[in-house]
Amino acid sequence: MPELPEVETTRRGLAPHVEGRRVTGVVLRRVDLRWPIPPEVSVLLPGQRIRGIYRRAKYLLLDTAAGSALLHLGMSGNLRVVPPVTPVRAHDHVDIALDNGQLLRFHDPRRFGCLLWQAPGQTHSLLAGLGPEPLEAGFDGDYLFARSRGRSSAVKTFLMDQAVVVGVGNIYAAEALFMAGISPLRAAGKISRERYAALAAASQQVLQQAIERGGTTLRDFIAPDGARGYFEQELQVYGRAGAPCPRCGRALKHALIGQRASVWCGHCQR
DNA sequence: CTCTTAACCTGGACGC
DNA sequence: TGCGTCCAGGTTAAGA
């Protein structure tokens with residue numbers, strides 16, 4: 001489900017409900033997510049005040065003086081703020097109760113997500129090797145050009161590598177490459193500095209627009225208040241294999257690239 | 001390092 | 001209606 005825009009939408013939706021709130025309790029119904037939920041979550045988190053909610057890559061951090069809860073939504077996860085009487089559904093794995101009477105509820109059918117703990121002043125190992133944020137300084141065409149030299153893998157795979165740049169997943173990689181006019185199959189190491197400048201700009205534009213639309217809801221994604229994302233209406237190529245290219249009208253091609261379904265225009269993207 | 005592949009898990013869509 | 005197969009927005013671990 002979630003790429004950067006969906007995680008950022010979740011962060012913004014959660015912030016007014018959780019910032020400054022004290023955690024009054026934690027209920028773990030299932031701890032066997034991608035990794036087991038560590039004891040700190042139930043031992044250290046209750047009683048703490050949430051100083052802020054932050055996003056790094058596709059991770060969310062609930063920051064407290066005792067450490068930070070580190071959440072990833074995997075493919076199918078979502079976080080919602082619900083009243084305490086809300087019936088528990090299948091796959092509602094965690095409730096974090098807040099002193100405003102609300103529950104922060106983590107739901108994740110496929111359990112590819114995680115809830116881990118980061119000690120104060122430490123950087124969790126999962127965050128250590130991540131590339132720059134695409135919407136912050138340090139990410140541009142010169143950076144992509146430099147990082148891609150000598151790499152033979154497809155540029156789409158390169159763009160989705162979280163060690164290169166974070167937050168870009170299968171939807172937004174397809175959209176950014178279409179916008180930049182670059183074939184997803186092209187070897188990353190053989191693309192010019194100028195074309196990488198276009199790709200960096202396109203990536204930023206598509207991510208920013210998706211955030212403004214509240215993300216993309218295909219199946220599971222839902223904002224903390226239950227709202228869907230509306231970027232699906234703006235998708236140019238993702239999920240449109242065989243349909244006419246919005247630019248030239250030719251049928252969009254599709255293939256697996258790096259094990260991921262990929263769609264592009266063989267005419268407009270070179 | 002870089003690259004490829006398999007694996008984790010559930011639900012929905014589809015074909016028969 | 002029921003069953004088998006395939007596919008899905010992510011990421012890591014293991015092996016070449």
Side-chain angles (χ1 to χ4, degrees), chain A residues 1-10 29-37 55-60 70-79 89-93 106-116 124-131 134 146-177 184-190 203 206-207 210-211 213-223 228-242 254-263:
Chain A
M1 160 189 89
E3 303 183 35
L4 186 149
E6 291 74 38
V7 180
E8 179 62 20
T9 296
T10 299
R29 296 189 191 84
R30 265 198 99 132
V31 299
D32 56 333
L33 307 184
R34 169 97 202 234
W35 294 283
I37 297 173
R55 180 187 59 75
R56 171 71 174 115
K58 298 173 189 171
Y59 294 90
L60 288 171
L70 180 64
L71 284 144
H72 195 292
L73 302 177
M75 290 275 263
S76 57
N78 62 53
L79 285 164
R89 300 166 302 164
H91 315 300
D92 284 343
H93 305 311
F106 182 40
H107 174 88
D108 183 11
R110 292 175 73 180
R111 284 186 282 125
F112 284 1
C114 62
L115 169 51
L116 300 170
H124 196 281
S125 58
L126 288 171
L127 305 183
L130 294 173
R147 280 298 298 263
S148 60
R149 292 311 90 182
R151 297 195 47 162
S152 60
S153 61
V155 62
K156 177 163 178 275
T157 305
F158 172 72
L159 188 61
M160 290 172 63
D161 183 345
Q162 303 297 297
V164 172
V165 60
V166 301
V168 183
N170 205 31
I171 295 179
Y172 299 110
E175 295 298 308
L177 286 161
L185 290 166
R186 188 161 294 282
K190 293 187 171 175
S203 302
V206 72
L207 293 170
I211 291 170
R213 299 286 189 283
T216 301
T217 295
L218 263 29
R219 295 168 194 75
D220 310 300
F221 176 65
I222 207 82
R228 296 170 50 88
Y230 291 100
F231 194 72
E232 182 179 2
Q233 299 160 20
E234 321 279 327
L235 296 176
Q236 305 291 297
V237 292
Y238 180 85
R240 301 190 63 243
H254 67 104
L256 281 182
I257 302 174
Q259 316 282 62
R260 307 303 299 274
S262 305
V263 185

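Convention: sequence-line order gives letters A, B, ...; per-chain numbering from 1.
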Fill in the blank from the handout: Sequence neighbours excluded, the answer for side chain to side chain contact (heavy atoms under 4.5 Å, CB included) partners of S203(A) is F139(A), L159(A), A176(A), L199(A)
Practice task
Using the test ring pair (Phe, Tyr, Trp, His ring centres under 6.0 Å), find all partners of Y172(A) that sit at least two apart in sequence or belong to another chain.
Solution key: F231(A)
Exercise for the section: Could you tell me whether the side chain of N170(A) reaches within less than 4.5 Å of the side chain of Y238(A), counting heavy atoms only? Expected result: yes
Problem - N/O (side chain, H72(A)) to phosphate O (OP1/OP2, dT11(C)) under 4.0 Å - result: yes
Problem - R55(A): salt bridge (charged side-chain N to carboxylate O under 4.0 Å, His left out) partners, not counting sequence neighbours - result: E8(A), E133(A)
Practice task
For R260(A), check salt bridge (charged side-chain N to carboxylate O under 4.0 Å, His left out) against everything at least two apart and list the hits.
Solution key: none
Fill in the blank from the handout: Hits for side chain to side chain contact (heavy atoms under 4.5 Å, CB included) against A241(A), two or more places apart or cross-chain, chain-then-number order -> H254(A), V263(A)
Handout entry: salt bridge (Lys or Arg N to Asp or Glu O under 4.0 Å) partners of residues 146-160 of chain A, not counting sequence neighbours, each pair once
Key = R151(A)-D161(A)
Problem - Heavy-atom contact window of chain A on DNA chain B, given 5' to 3' at under 4.0 Å - result: dC3(B) to dG11(B)
Pull out every protein N or O sitting under 3.5 Å from an N or O of nucleotides 12-16 of chain C, one pair per line with the distance.
| residue | atom | partner | partner atom | Å |
| --- | --- | --- | --- | --- |
| dT12(C) | O4' | R34(A) | NH2 | 2.7 |

Exercise for the section: Using the test ring pair (Phe, Tyr, Trp, His ring centres under 6.0 Å), find all partners of F106(A) that sit at least two apart in sequence or belong to another chain. Expected result: none
Practice task
Return the set of residues passing ring pair (Phe, Tyr, Trp, His ring centres under 6.0 Å) with H93(A) (not counting sequence neighbours), or none when no residue passes.
Solution key: none
Exercise for the section: Using the criterion of both pairing distances under 3.5 Å for Watson-Crick and G-U wobble pairs, give all stems of 3 or more consecutive pairs involving DNA chain B. Expected result: B:2-8 with C:10-16, B:10-16 with C:2-8
Problem - Distance, rounded to the nearest Å, where F112(A) contributes CZ and dG10(C) contributes C1' - result: 8 Å
Practice task
Report the residues that fulfil ring pair (Phe, Tyr, Trp, His ring centres under 6.0 Å) with F112(A), sequence neighbours left out, ordered by chain and then residue number.
Solution key: none
Completion exercise
Sorted by position of nearest nucleotide on DNA chain B, 5' first, the leading residue of R149(A) and Q259(A) is R149(A)
Exercise for the section: Mind checking T157(A) for me? I need base, sugar-phosphate or nothing, with any heavy atom below 4.0 Å counting as a touch. Expected result: nothing
